[in-house]
Structure formats: C-alpha cells, structure tokens
*Asks:* 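First, the structure itself, so that you have it in front of you.
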Amino acid sequence: MEKKGIAVVAVGGNALIKDKAHKTVEDQFDAAKETMSHIVDMIEKGWDVVITHGNGPQVGFILRRSELARHELHEVPLDYCGADSQGAIGYMFQKALHNEFQRRGLRKDTATVITQTVVSKNDPAFQNPTKPIGSFMDEADAKQRAEKEGWTVVEDAGRGWRRVVPSPIPQTIVEAPVIDTLLKAGIIVVGVGGGGIPVVELEDGTIKGVEAVIDKDFGSSLLAVNLKADLFVISTAVEKVALNFNTPDEVWLDQMTVAEAKQYIAEGHFKPGSMLPKVQAILKYLEAGGKKALITDPEHIGEALDGKTGTWILP
Ligand code: ADP
Ligand code: MG
C-alpha cells in the first residue's frame with residue numbers, strides 16, 4: 001500500500017445523526033457505519049487517519065437524562081458529559097471500523113483516546129459565555145440554579161431560559177503526543193471528540209476540567225497542526241462550500257486560497273456557528289504550515305480525494 005501521509009478527518013453531526021427522526025443509539029450506529037466505510041476507503045488508499053468528531057447532541061442527551069434523574073441520582077458535570085460521549089462515540093467508530101476492516105480483509109487496529117484540551121483561564125470567552133446547553137427552564141428554576149450552582153442563564157427569544165457556557169479557543173491538546181505515537185504504530189485513532197474536554201492549567205502544573213465547550217473544528221485544526229498532518233478534511237452535511245449560500249446567486253466553490261477565503265469571510269459568505277468556524281479552523285491549519293484541506297460530505301470523500309469534487313482550500 002502506497003503511503004499517503006497523515007490525515008485528520010473531522011466528522012460533523014451528520015456522521016451520527018442524519019435527521020431529526022433518527023437519533024437513537026442504533027440510528028447513530030447506522031450513520032457511523034456509513035461514514036466509517038468512506039473513511040476506510042481513505043485508509044485503503046494509504047492514509048494514516050485520525051478521526052475527530054462533534055458531540056453537541058450527545059452531550060445534550062446525557063445532560064437531559066441527568067436533569068430528569070435529579071431526584072434520584074447525582075448530576076453529571078459538563079466535562080464528564082464530554083468524556084462519556086467521547087467514550088461512547090469512540091466505541092461506535094471502533095466497532096464500525098473493525099467490522100469494515102474485517103469485511104475487506106484488512107488488518108488494522110483502532111483506538112479511541114479520551115482527549116483533554118487546554119484552554120486559557122484568561123480566555124475572554126469566560127467573561128462572555130455564549131453557548132446554550134441543557135434544557136429550557138422557567139425563570140424561577142433558571143434563577144435558582146444560577147444562584148445555587150453559579151450558572152450563567154439567559155432568556156432565549158421567548159422560548160424560555162437556558163444555561164450558557166463559554167466556548168474558549170483551544171491552546172494545547174494534552175494527548176497529542178499519545179495520538180502521534182499510536183499513529184506511528186499504524187493504529188487508526190479516534191480522538192479530540194467534541195474538540196476535547198476543556199481543562200485549564202493551574203499554577204502547579206496540574207489540570208482541572210472546566211464547564212465550557214470547545215468548537216470541534218478548532219480542536220481538530222489544532223490537532224492537525226500538532227501532528228503536522230498532510231491533509232485536514234472537514235466532513236459535514238454539504239458536498240461543497242458556497243458563496244451566497246442559500247440564495248439565487250449561490251456559487252459552489254471547487255477551490256479557494258487562504259487569501260480568497262479571508263476575503264469571503266469579510267464579505268460574510270459563511271454562517272457563524274456552522275461554516276465560518278470550519279473555514280477559520282482550516283485557515284489556522286494552513287497558516288501554521290498545513291498543506292491542503294478539504295470540505296465535503298462523507299459520501300464524496302473518495303471522489304474529492306481524486307480531485308473530482310469537494311471544496312479544496314490551499315495556501
Ligand atoms: P457540522 O455538524 O458538520 O459541524 P454544521 O451544521 O455546524 O455541521 O455546519 C455545516 C452547515 O453549514 C452546512 O450543512 C450548511 O447548511 C451550512 N453553511 C453555512 N454557510 C455555508 C456556505 N457558505 N456554504 C455551504 N454551507 C454553508
Ligand atoms: Mg458544527
């Protein structure tokens with residue numbers, strides 16, 4: 001098998017939840033199997049792959065269960081929701097990969113690395129929490145939890161009250177050297193789930209989990225930089241990136257340079273919270289010496305790698 005190099009492949013929400021009617025664990029595993037089969041195509045072509053993933057809905061489910069069981073069981077802190085979801089999603093991906101290797105007669109091993117990502121205590125996001133998490137609450141409940149547990153709560157456009165947490169910028173990935181070692185041993189790695197579990201470094205060098213969330217695109221980009229990856233793929237729900245997305249003037253892009261991407265960002269073509277963080281994450285990777293990056297959907301990864309589709313972003 002010809003060696004292609006290291007690829008970090010960040011899979012989006014659609015690798016686990018295809019639509020609102022398919023959210024059960026079984027449905028998630030079915031979706032995972034499909035996405036993993038496309039990633040095995042890459043592995044078969046000679047790429048050493050690290051798979052990263054989002055975990056927003058899964059963390060939401062864990063939190064909701066935890067809330068509903070409050071009268072009987074301790075609640076699950078947010079960093080542990082992250083860890084639980086990394087473990088369960090890692091299990092799904094490992095099982096799907098193992099079975100696909102088995103079907104194709106490939107001898108490959110996989111491992112999931114529970115990953116912690118260091119953020120700065122001084123990140124401005126801690127002064128301005130913006131990411132809503134958990135269920136809607138009424139005003140009384142929201143204010144009580146804010147008082148008792150130090151939550152920041154906000155009224156969400158007439159729909160009720162919600163807890164918001166900070167989304168700081170990832171600084172370092174604690175387990176990056178472990179992921180590197182596993183890759184060099186030929187192991188397919190699942191890691192940096194949900195961007196990693198956010199931790200802060202204390203004065204004595206120890207780390208502590210914090211109640212925050214990390215953008216998975218930014219966490220994946222940092223990993224790609226740390227590993228000096230040859231390729232950074234962001235797999236999401238669209239085959240290509242568009243200018244004037246969702247308008248009559250929509251133009252699908254085959255390629256853009258860093259300079260062009262910056263201009264398109266300035267012109268407001270990419271939606272904050274969805275496409276914008278992906279393009280920004282890719283710019284960070286390319287500006288740190290990354291070679292090439294691709295945005296496409298799971299089913300087009302193979303064709304895109306042959307240069308036939310997807311949006312390629314180049315230095
Ligand atoms: P993921 O779970 O993969 O992170 P997101 O929903 O966060 O998915 O981001 C992908 C979505 O971004 C696409 O499904 C699309 O609806 C949206 N999007 C926003 N702006 C653009 C754009 N300019 N071109 C293509 N898709 C865009
Ligand atoms: Mg997203």
Side-chain angles (χ1 to χ4, degrees), residues 8-20 22-23 27-28 31-32 34-36 38-39 51-61 82 85-86 89 92-93 117 125 130-133 165 167-170 190 192-196 198 212-224 232-258 260-285 293-301 304 309-313:
V8 170
V9 182
V11 300
N14 70 335
L16 291 160
I17 299 178
K18 295 225 124 179
D19 55 63
K20 285 200 177 112
H22 295 91
K23 287 185 183 171
D27 289 336
Q28 291 186 47
E34 195 187 317
T35 298
M36 291 308 121
H38 301 300
I39 291 178
I51 302 158
T52 67
H53 59 84
N55 66 353
Q58 290 75 19
V59 163
F61 301 152
S85 70
Q86 285 185 352
I89 294 170
M92 285 197 203
F93 287 2
T117 299
T130 53
K131 276 271 177 189
I133 56 151
V165 297
S167 182
I169 300 293
V190 180
V192 196
V213 293
I214 293 177
D215 184 290
K216 76 114 185 4
D217 298 313
F218 289 144
S220 306
S221 161
L222 181 59
L223 180 71
F232 179 26
V233 179
I234 299 187
S235 163
T236 185
V238 284
E239 184 180 337
K240 292 184 186 188
V241 179
L243 299 181
N244 307 314
F245 180 63
N246 255 344
T247 73
D249 301 324
E250 189 172 69
V251 181
W252 298 102
L253 297 169
D254 296 325
Q255 195 181 305
M256 56 183 157
T257 62
V258 166
E260 285 165 346
K262 285 184 175 168
Q263 187 195 326
Y264 300 149
I265 288 174
E267 291 167 359
H269 287 287
F270 312 130
K271 219 168 129 209
S274 59
M275 189 50 74
L276 180 62
K278 295 184 199 311
V279 178
Q280 288 173 327
I282 284 174
L283 291 182
K284 279 178 192 253
Y285 161 73
L294 169 67
I295 298 177
T296 193
D297 55 9
E299 49 269 49
H300 290 98
I301 291 176
T309 188
T311 301
W312 285 93
I313 306 95

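When reading the values below, keep in mind they use all heavy atoms of this one structure, side chains included, and skip hydrogens, waters and symmetry mates. Remember, it's 1-based here, ligands and their atoms both numbered in the order they're listed.
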*Asks:* Compare every heavy atom of Gly195 with every heavy atom of Thr117, then report the nearest pair and how far apart it is.
*Replies:*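 Minimum heavy-atom contact is OG1-O, 2.8 Å.
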
*Asks:* Starting from atom 14 (O) of ligand 1, find the nearest protein heavy-atom neighbour and note its residue, name and distance.
*Replies:*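 Answer, as residue, atom name and distance: Ala237 CB, 3.5 Å.
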
*Asks:* Tell me the nearest of Phe270, Trp252, Phe245 to atom 15 (C) of ligand 1, using heavy-atom distances.
*Replies:*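 Heavy atom nearest to atom 15 (C) of ligand 1 belongs to Phe245.
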
*Asks:* What is the minimum heavy-atom distance between Ala261 and Val279, and which atoms define it?
*Replies:*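 Shortest heavy-atom separation between Ala261 and Val279 comes out as CB-CG1, 4.0 Å.
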
*Asks:* For atom 13 (C) of ligand 1, what's the nearest protein heavy atom and its distance?
*Replies:*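 Checked against all protein heavy atoms, atom 13 (C) of ligand 1 sits closest to Val238 CG1, 3.9 Å.
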
*Asks:* Check ligand 1 against Gly13 and write out every atom of the ligand that is under 4.0 Å from a heavy-atom position of the residue.
*Replies:*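 Once the distances to Gly13 are compared, the set is 1 (P), 2 (O), 3 (O).
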
*Asks:* Among all the protein's non-hydrogen atoms, which is closest to atom 23 (N) of ligand 1, and how far away is it?
*Replies:*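 For atom 23 (N) of ligand 1, the nearest protein heavy atom is Ala242 O, 2.7 Å.
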
*Asks:* Suppose I only count heavy atoms of Thr236 and a 4.0 Å limit; which atoms of ligand 1 are within that range?
*Replies:*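 Listed by number with element: 1 (P), 3 (O), 8 (O), 9 (O), 10 (C).
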
*Asks:* In the protein, what heavy atom is nearest to atom 1 (P) of ligand 1, and what distance, to one decimal place, separates them?
*Replies:*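 That would be Lys278 NZ, 3.4 Å.
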
*Asks:* Answer yes if the side chains of Gln28 and Gln58 hold a donor-acceptor pair under 3.5 Å, and no otherwise.
*Replies:*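 The criterion, which ignores hydrogens and geometry beyond distance, is satisfied for Gln58 and Gln28.
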
*Asks:* Taking heavy atoms and a distance under 4.0 Å, where does His269 meet ligand 1: side chain, backbone, both or neither?
*Replies:*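 The backbone, only.
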
*Asks:* Val241 heavy atoms, cut-off 4.0 Å: which ligand 1 atoms fall inside?
*Replies:*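 Ligand 1 atoms under the 4.0 Å threshold to Val241: 24 (N), 25 (C).
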
*Asks:* Which of the numbered atoms in ligand 1 are below 4.0 angstrom from a heavy atom of Lys216?
*Replies:*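 Numbered from 1, ligand 1 contributes 1 (P), 4 (O).
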
*Asks:* Is the closest side-chain heavy-atom distance between Ile89 and Asn55 below 4.5 Å?
*Replies:*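 Yes, at least one pair of side-chain atoms sits under 4.5 Å.
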
*Asks:* Within 45 degrees of the ring normal and closer than 6.0 Å to the centroid, is that where the cationic atom of Lys278 sits relative to Phe270?
*Replies:*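 Lys278 over Phe270 ring: no.
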
*Asks:* Would you say Thr309 and Glu239 are linked by a side-chain donor-acceptor pair, where the criterion is simply a distance under 3.5 Å?
*Replies:*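 The criterion, which ignores hydrogens and geometry beyond distance, is satisfied for Thr309 and Glu239.
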
*Asks:* In the protein, which heavy atom is nearest to atom 17 (C) of ligand 1, and how far is it?
*Replies:*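 Sorting protein heavy atoms by distance from atom 17 (C) of ligand 1 puts Ser274 OG, 3.7 Å first.
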
*Asks:* Can you check whether Phe218 reaches Leu223 side chain to side chain, under 4.5 Å on heavy atoms?
*Replies:*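 Heavy-atom side-chain distance check fails, nothing below 4.5 Å.
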
*Asks:* Are any of the side-chain nitrogens in Asp254 or Lys240 under 4.0 Å away from the carboxylate oxygens of its partner?
*Replies:*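 Yes, this pair counts.
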
*Asks:* Would you check if the distance from the ring center of His269 to the ring center of Phe245 is below 6.0 Å?
*Replies:*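 No; Phe245 has its ring centre 6.0 Å or more from that of His269.
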
*Asks:* Mark the output for Gly273 as yes if a heavy-atom distance to ligand 1 is under 4.0 Å, and as no if none is.
*Replies:*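 Yes, Gly273 has a heavy atom closer than 4.0 Å to ligand 1.
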
*Asks:* By number and element, which atoms of ligand 1 are closer than 4.0 Å to a non-hydrogen atom of Met275?
*Replies:*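 In order of number, 12 (O), 18 (N), 19 (C), 20 (N), 21 (C), 22 (C), 25 (C), 26 (N), 27 (C).
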
